[in-house]
Each structure stands twice: as structure tokens, then as C-alpha cells.
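Read the numbers this way: they start at 1 and go in the same order the structure lists the ligands and their atoms.
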Amino acid sequence: MFIEGDDLRARMKQEYLRMTLANVIRSERFSYITDITGLPDFVFNDRKTSSSEINDNNELIRTADEYDIQQIRMWQYSLKSQKEQRRKILLHGSPVEPIEVAVKVTWGHPIYVSITLGGAGGCGKSRVTEAISAFMGFHNRFHTLRSLAPSSAAAVGINGLTMQSMLREGHRKSNTNTILMQSEILTIENEWRNIDYCLIDEISMVGCYMLARFHKITTTAKHTEPSIPFGGINMIFLGDFVQYGPVLDRPLYSNLLSTQDTLEDTLNLTKQTAKQRNVTERDIQCKVGRALWLQVNKVFFLIEQMRNKDPLFMDMQSRLRRGECNDDDYKMLCKRVVSPENEVKSLREAPWNSATMLVFRNEVRTNINNYCVFDESKKNNYLPMVVVANDRVRNVEIDNIDLRRFLLSIPDNKTEGLPGYLPIVPNMPVLITHNIATELHISNGSIGRLIRLVIEEGENLRLDNTGDPKFPNNTVCIRKPLYALVELPQCKLASSLTDLEPTIIPIVPEQKTIKIDLKSFISPMQKRLLNNKTSITITRSQLPIVPAFALTTHKCQGKTLSYGIIDLVPPPYSKPDLANIYVPISRFTSRDTMAILRHFPASILNQKPHPDMIAELKRLENLHRLNQTIK
Ligand SMILES: Nc1ncnc2c1ncn2[C@@H]1O[C@H](COP(=O)(O)OP(=O)(O)OP(=O)(O)O)[C@@H](O)[C@H]1O
């Protein structure tokens with residue numbers, strides 16, 4: 001019975017993937033792929049795949065010499081030192097700014113301010129952070145301001161640091177140990193010594209538990225009573241609760257306490273509930289986080305739309321936020337469905353043939369990307385190429401070909417951002433999947449362009465039987481990349497590799513230890529023999545990049561897209577979430593720059609926000625109104 005349920009689930013997911021790909025093909029996004037089963041016969045202009053020809057004629061791939069190896073080592077050293085230098089500036093201020101003695105705050109008197117700046121997607125909340133930084137800089141107080149965000153992409157957007165790096169996550173082997181060591185306390189004190197103001201962007205992604213830990217760190221740093229929120233640092237929160245929420249945490253709007261409760265009440269409540277069974281330390285910390293959030297004493301909403309200048313589209317989005325779209329809204333969006341009868345007839349021509357696709361599932365994203373890469377290769381008469389990850393178990397290569405293929409086919413969101421297969425074509429857009437140097441804007445979520453792949457000497461480019469059976473049958477597999485050159489215009493590096501621009505950076509392979517569940521690989525009989533212990537631990541080495549023709553909707557939060565195609569059909573077994581629809585739809589400057597992949601159910605436009613979110617937005621709006629009346 002259980003296996004049947006699992007089987008049905010897998011089949012429905014497969015069908016969703018198949019239907020989505022069929023719709024991408026129907027929309028004429030590809031020039032050469034006309035059938036989803038057509039790739040194995042995808043002949044590339046009869047070109048042979050001898051390794052000498054690949055090396056001679058391929059402008060994408062170059063074999064490294066001694067000089068390259070020496071250069072990349074020097075570059076990595078330079079990256080590390082520039083990263084440390086930039087982090088120091090972000091933590092302690094620029095050396096050119098005269099550092100004044102920090103103003104002494106009289107602890108015990110709650111003189112701090114805690115401001116929330118809300119507003120719909122595109123109202124310019126992130127831009128306000130620039131204004132605050134400029135203001136602080138103008139008054140020589142920049143070193144007293146800290147800018148943070150709960151994701152590396154958002155941190156890059158505000159020129160700040162991630163909250164996780166401030167919570168000292170990743171500094172310890174076990175996350176469960178929350179007791180700080182003496183040396184850590186000294187570092188924390190030092191990091192926060194000058195800080196009087198802290199702004200946190202994308203607050204919807206900060207959970208109650210995270211906020212409570214942040215409070216603990218700042219309280220430790222400033223040596224204050226736990227009842228003084230955030231060690232008395234003046235806080236500015238920016239964000240929109242309708243957008244994506246925290247991962248594995250409770251959103252700050254969760255009604256874990258009555259709105260009348262103060263932090264002191266919570267601390268007392270903590271003592272009571274801790275005695276009860278089934279209340280974990282984490283539950284208590286979540287309540288502390290919620291109580292801290294309720295201490296916000298100033299609220300402002302930005303109301304002018306800065307991203308979207310299309311009045312009808314703007315009104316539709318306002319209704320979408322409340323789950324109150326009408327028939328006209330649905331009809332308006334249906335006109336953007338790619339179809340010969342509608343406004344966007346097909347995706348064959350510019351700008352649509354290079355517009356980013358936004359989809360819900362990682363499997364869908366990976367498959368569309370693979371098709372885009374092979375289609376592009378065919379269009380430009382390049383041989384299809386794939387960089388194959390190097391997987392090992394206890395430092396030994398896996399000799400079972402089926403197991404190797406199974407491991408390589410696992411989506412990269414389950415393999416720590418290291419794809420099993422990385423198809424490549426010159427100039428393709430790429431997404432960086434690791435935080436290489438967030439401080440220098442080279443982080444998970446950064447988008448660039450692939451310029452070249454430099455491979456190790458002795459790499460024998462060949463057809464390889466570990467390739468995915470769905471790939472073109474003359475695909476060349478590359479197993480030993482030395483580095484990939486990626487153009488990242490937003491990168492803040494000062495030095496370059498040899499004679500290249502500083503915005504063209506080498507991305508080197510990374511290694512990760514990953515636990516993999518083999519449940520869907522082995523038979524029920526083998527499972528019984530293994531006593532249901534179906535997981536193995538592998539070490540994977542691969543370049544931390546994936547093609548970025550298509551992205552999941554999570555990756556577009558905070559961004560403004562020039563053109564894009566969105567898929568609004570919810571995947572099977574997915575929980576309804578208003579953010580899934582609101583976030584991608586609110587990335588555009590007008591309806592005309594957005595196309596919709598296929599017809600979608602009207603019901604998705606009427607998903608109601610969570611009742612706790614509605615109550616929280618009402619509470620914040622009341623505070624906002626109150627602020628308006630204060631002279
Ligand atoms: N004052 C302004 N003048 C001109 N353009 C602006 C201004 N403020 C914001 N913008 C532009 O509007 C767009 C949206 O701004 P921003 O990303 O700051 O909005 P946001 O409220 O943070 O959106 P989201 O909640 O979706 O992240 C950006 O392209 C930005 O450059």
C-alpha cells in the first residue's frame with residue numbers, strides 16, 4: 001500500500017515534468033528540439049568526436065598548461081585575501097572613514113528604535129538601504145551600521161553580509177550546540193563593538209528561531225539584559241511577508257503569542273512551558289523570536305510602485321496579495337499565455353528566445369536547462385558537452401554503472417548545489433550555486449555567463465557510457481575541469497586572472513560529502529536484505545554552477561527581470577503558497593515583459609494569505625497609521 005502511494009507520487013511528478021517540457025517545446029522555445037523523446041537521435045551535423053578535433057576546434061575548451069595551474073593558485077590566494085579584507089570593511093568600516101568613538105547607550109532605558117519598512121514587491125524597499133548607507137556615510141557613521149539579509153543573494157543586493165555568518169553558523173560542527181565558547185564571545189564582541197544600527201532586508205525569510213538567535217548574539221556582544229531587544233541596537237527591518245518565508249523555521253507573523261505579551265511575559269512563560277513535556281527548546285526560542293518581533297515600535301509602508309509602471313497589472317497584483325483576484329484579472333493574465341491566438345504567439349523570436357524561464361520544481365528547471373544547452377549547441381554547430389561530476393565512496397570510484405548513473409541524475413538541490421551532469425555551451429547564462437565569496441558578490445544565486453572551460457592536462461575527452469541516456473548520443477563527457485571562466489558583471493574583485501577583466505572570474509571545482517538515499521534505486525528485496533538502511537555517503541567533486549536559462553521561482557525573489565516566462569501550473573502534491581504565484585508575477589516592469597508558459601487554473605489567483613499573516617499585516621498597518629499621526 002505504502003509502495004503504491006510512493007509509486008503514484010513519482011509517476012505524477014514524472015507526468016508533470018513531461019507535460020511542462022511538452023509545453024516548452026510547443027511554445028517553440030527550441031529551434032531543433034521538436035519532440036521530448038527526440039534527443040538521442042539529435043545528430044550534430046555529423047561531426048565526429050575525436051579528442052584532437054575537440055581540442056583544436058572548440059572555442060569553449062582549452063587544456064591547461066603549467067602557467068595556468070600556477071596562475072589559478074595565485075588567483076585563489078588573492079581571492080581569499082580580498083574576501084577577508086572586504087569582510088573586515090563590512091564588519092568594522094572602511095579604513096578611510098574616520099572612526100569616532102561609539103556613542104555610549106545608557107542601557108536599561110529602552111531608548112532604541114525598532115523600525116519595520118514594509119510594502120509590496122517593487123516599492124523600492126531595498127533601495128532605501130542604499131539611502132540609509134549613504135546617510136550614515138555622509139555623517140561619518142557608516143561604521144556604526146550593519147546591513148544583513150537571510151540569503152546570500154539578498155545580502156549581495158544590499159551590499160551586506162548574511163545573517164547566518166553573524167550567527168556563527170558553519171563555525172561549529174554541530175548546529176545543536178548553541179553554547180558560545182569564550183573565543184567566540186570575544187569575536188562577537190569585536191564584530192559588534194561599533195554597531196548602533198542594524199538593518200535586515202527580506203525579513204519575510206527570517207524566522208522566529210533565527211531572530212531569537214540573533215538577539216542572543218547581539219545581547220552577548222553588548223552585555224545587556226535579555227529583556228533589551230537586540231542588545232539595544234537600533235533595528236530597521238525591510239521586507240514583505242507575502243513573499244517567500246523562512247526555510248525550516250516559523251514565519252515572524254506566526255501567532256505564537258498574544259499581541260499583548262511582552263518579551264518579559266515570554267521569558268516568564270518560558271519558565272512555565274519548559275516544565276511541560278513535548279515543548280522543545282526550539283519551540284521556546286520561537287516564542288522569544290515572535291515576542292522580539294512584537295517589540296517593533298515604528299512601522300512605515302512604502303506605497304508608490306517603483307518597479308511596475310503598468311496600472312492594470314499593479315491593481316491585479318494588489319488583489320493577488322489579498323487572494324481577491326477577479327475574472328478580469330484572470331482574463332488579463334490568460335492573454336499572456338504563449339499561444340498563436342494571444343499576445344505572445346511563440347517564444348521563437350527575440351526577446352522571448354533568451355528570456356529567463358521561472359518554474360517551480362528543480363527537476364523541471366534542470367531538464368529545461370539541458371534542452372536549452374543542447375539546442376544552443378546544435379544552433380551554433382558545437383559538439384554537445386557535459387562536465388560529469390566525480391563521485392567516490394570512501395575514496396574509491398564507483399564501478400557499478402547503474403549506480404553511477406543514478407547518482408549523477410539526482411537534482412543538484414539534493415546534492416549541495418553540485419550537479420551530476422553540467423551541460424555546457426559557450427556564452428550560456430550560469431547560476432553560481434555556492435557562496436564562494438558573498439562579500440565580493442560571488443555567491444549562491446549570482447548569475448553570469450560562461451566564457452571558457454579550462455581542463456586538466458591529460459583529460460581524454462570522450463564519449464562516455466555514464467552519460468545520461470537522454471543526452472544526444474555524441475555527447476562528449478569532461479571529467480577533469482580545472483576551472484570555468486565566468487563573467488560576473490556585479491563581482492567586486494579588484495584583481496584579475498592574467499590579462500582578463502576583473503569581472504571574468506575562474507570558478508574551480510568544489511568537493512562535498514553528501515548523503516544519498518538509494519530507496520528509489522534498489523529493489524524492495526535488496527532493501528529488506530539491507531535491513532532498510534538504504535543510504536550511502538558519497539564525495540562529489542564538480543564545478544558549483546548550473547545553466548541559468550531556467551530558474552526556480554525562489555531564485556527570483558528580490559530581482560527585477562527585464563523579460564521572463566513563468567509557469568503557473570502548480571506541481572502535484574505541492575502545498576498551496578501565495579508566494580509561489582506572487583513572487584514571480586511581481587518581478588516585471590509591465591505585463592508586456594512577462595509571458596506565461598501554458599494555461600493555468602483560475603483558482604491559483606485566489607489563494608488566501610495565511611490568517612496569521614493577514615492579522616500581522618493589519619497590526620503593522622495600524623502602527624503605520626499611528627506613525628502618520630505623530631508630528
Ligand atoms: N527611488 C527610486 N527611483 C527609481 N527607481 C527605483 C527607486 N526605488 C526603486 N527603484 C527601482 O524599482 C525596482 C524595485 O526596487 P527594489 O528592488 O528596491 O524593490 P523592493 O521593494 O525591494 O522589491 P522586492 O520586495 O520585490 O524585493 C528596482 O529596479 C529599482 O531600481
Side-chain angles (χ1 to χ4, degrees), residues 115-135 138 145 147-160 162-163 198-206 235-247 251-253 299-311 313-322 351 355-356 358 438 441 443-447 489-490 551-564 566 577-594 609 613 616-617 620-621 624:
I115 302 174
T116 294
L117 201 70
C123 283
K125 298 181 290 297
S126 303
R127 270 289 188 97
V128 173
T129 62
E130 286 171 30
I132 295 172
S133 303
F135 177 83
F138 183 77
L145 172 72
S147 302
L148 300 176
S151 73
S152 48
V156 165
I158 57 164
N159 219 351
T162 61
M163 279 192 82
C198 176
L199 64 83
I200 301 184
D201 197 11
E202 297 289 0
I203 193 68
S204 66
M205 293 165 84
V206 176
M235 298 297 298
I236 305 164
F237 302 106
L238 302 104
D240 172 21
F241 283 127
V242 181
Q243 299 187 36
Y244 280 117
V247 179
L252 291 174
Y253 59 74
V299 178
F300 299 96
F301 276 94
L302 298 183
I303 42 176
E304 190 183 345
Q305 185 51 245
M306 302 309 292
R307 178 183 291 136
N308 178 0
K309 295 293 178 195
D310 172 345
F313 198 33
M314 244 190 276
D315 292 347
M316 177 260 146
Q317 286 180 26
S318 305
R319 286 187 285 275
L320 179 64
R321 291 171 64 81
R322 301 191 299 270
T356 311
L358 299 176
T438 304
H441 297 192
S443 71
N444 184 356
S446 305
I447 294 181
Q490 72 276 30
L551 301 175
T552 53
T553 47
H554 278 87
K555 291 284 180 205
C556 71
Q557 179 145 317
K559 291 193 166 65
T560 300
L561 298 179
S562 48
Y563 281 90
I566 58 179
D577 183 357
L578 176 57
N580 274 338
I581 307 299
Y582 179 71
V583 171
I585 285 188
S586 59
R587 297 305 98 197
F588 300 95
T589 51
S590 78
R591 267 169 299 169
D592 300 342
T593 58
M594 177 194 80
M613 191 201 291
E616 181 63 19
L617 289 174
L620 294 176
E621 272 160 25
H624 167 74

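Thr560 OG1, 3.7 Å is the protein heavy atom nearest to atom 28 (C) of ligand 1. The nearest heavy-atom contact from the protein to atom 17 (O) of ligand 1 is Arg307 NH2, 3.5 Å. At the top of the distance list for atom 31 (O) of ligand 1, counting protein heavy atoms only, stands Arg127 NH2, 3.2 Å. Scanning the protein for heavy atoms near atom 10 (N) of ligand 1, the closest one is Met306 CB, 3.6 Å. Protein heavy atom nearest atom 25 (O) of ligand 1, with residue, atom name and distance: Lys125 NZ, 2.8 Å. Nearest protein neighbour of atom 15 (O) of ligand 1, counting heavy atoms only, is Gly124 CA, 3.7 Å. In terms of protein heavy-atom proximity, atom 27 (O) of ligand 1 is nearest to Gly558 CA, 3.3 Å.
Residue contact annotation: Gly122 has a non-hydrogen atom under 4.0 Å from ligand 1. Using a 4.0 Å cutoff on heavy atoms, Arg587 counts as a contact of ligand 1.
Relative ring orientation between Tyr244 and His554 is described as parallel, the plane-to-plane angle staying below 30° on a 0-90° scale split at 30° and 60°.
With a 4.0 Å heavy-atom cut-off, ligand 1 is reached by no atom of Gln557. For Asp240, no heavy-atom contact with ligand 1 is shorter than 4.0 Å.
Because its NZ or CZ atom is both nearer than 6.0 Å to the ring centre of Tyr582 and within 45° of the ring axis, Arg321 counts as a cation-pi partner of that residue.
Atoms OG and CD, on Ser443 and Gln490 in that order, are 8.0 Å from each other to the nearest 0.5 Å. Annotation: the span from Asp315 atom CG to Leu320 atom CG amounts to 12.5 Å, rounded to 0.5 Å. Atom CG of Leu117 sits about 11.0 Å away from atom CG of Asp240, to the nearest 0.5 Å.
The closest donor-acceptor contact from the side chain of Ser204 to the backbone of Gly239 lies at 3.5 Å or more, if one exists at all. Although no hydrogens or angles enter the test, the distance criterion places a donor-acceptor pair under 3.5 Å between the side chain of Gln317 and the main chain of Ile585.
Near Cys123, with a cut-off below 4.0 Å to any heavy atom, the atoms of ligand 1 are 19 (O), 21 (O).
When all heavy atoms of Asn308 and Met314 are compared, the pair lying nearest together is O-CE, 3.4 Å.
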